[in-house]
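This structure is a prediction, so every number in the text was calculated from the model and none was measured. As a basis for the values below, the full set of heavy atoms in this structure was taken, side chains included, without hydrogen atoms, waters or symmetry mates.
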Amino acid sequence: MRQVREIIRLKFSAGISTREIARRLGLAASTVRETLRRFEGAGLGWPLPDGMSDGDLEAALYANHGPNGAIAATPSRIGRRFIGS
């Protein structure tokens, strides 16, 4: 289970370091960094908008990713190097 909201809350409300968040939640520091990177990339801010559910938050952060975390191959992500032989 992802702990997205708690990672974001600890970072922006409590001002806790990435390593400390990882330790407290039992996650890899790289997972915390990636979650925060996605949060910033999604254009969201803290506090989160009223009524934003955990599902909405995860959808915003993982919108272009498949179930295993891989980036989905959308037409805008397919370059000329993949077209043709």
Side-chain angles (χ1 to χ4, degrees):
M1 178 176 147
R2 294 186 185 116
Q3 296 173 315
V4 175
R5 187 177 298 265
E6 187 64 4
I7 290 170
I8 295 166
R9 185 190 69 78
L10 288 171
K11 184 65 176 181
F12 297 106
S13 284
I16 297 173
S17 73
T18 300
R19 290 178 119 189
E20 180 61 16
I21 294 169
R23 187 192 68 73
R24 288 185 185 192
L25 300 179
L27 301 170
S30 60
T31 300
V32 174
R33 281 191 302 274
E34 178 67 10
T35 300
L36 294 171
R37 184 189 68 77
R38 289 175 186 267
F39 178 73
E40 291 172 2
L44 297 170
W46 187 262
L48 293 171
D50 290 339
M52 181 173 245
S53 70
D54 288 344
D56 294 338
L57 177 58
E58 288 191 19
L61 271 59
Y62 298 92
N64 290 323
H65 289 75
N68 64 354
I71 296 174
T74 60
S76 64
R77 295 187 192 284
I78 299 174
R80 284 194 156 296
R81 61 190 163 132
F82 297 112
I83 299 172
S85 53

Nearest-0.5 Å distance that lies between atom CD in E40 and atom CD1 in I8: 9.5 Å
Atom of R5, atom of M52 and distance for their closest heavy-atom approach: NH2-O, 2.6 Å
Non-hydrogen side-chain atoms of I7 and F12 separated by less than 4.5 Å: no
Interatomic distance, T35 atom OG1 to K11 atom NZ [nearest 0.5 angstrom]: 12.0 Å
Closest non-hydrogen atom pair, A60 against L44: CB-CD1, 4.1 Å
Residue pair T18 / A29: nearest heavy atoms and the distance that separates them: CG2-O, 3.8 Å
Distance in Å, I21 CD1 paired with R9 CZ, rounded so as to fall on 0.5 Å steps: 9.5 Å
Spatial distance of atom CZ (R23) from atom CD1 (I16) [nearest 0.5 Å]: 9.5 Å
Atom pair CZ (R38) and CD (E58), whose distance is rounded to the nearest 0.5 Å: 10.5 Å
Nearest heavy atoms of L61 and A42, plus distance in Å: CD1-CB, 4.2 Å
For W46 against F39, the heavy-atom pair lying closest together: N-CZ, 4.1 Å
Heavy-atom check, side chain of L48 versus side chain of L57, under 4.5 Å: yes
Euclidean distance, R24 CZ relative to E6 CD, rounded to 0.5 Å: 9.0 Å
Validation row: E20, L10 side chains within 4.5 angstrom (heavy atoms): no
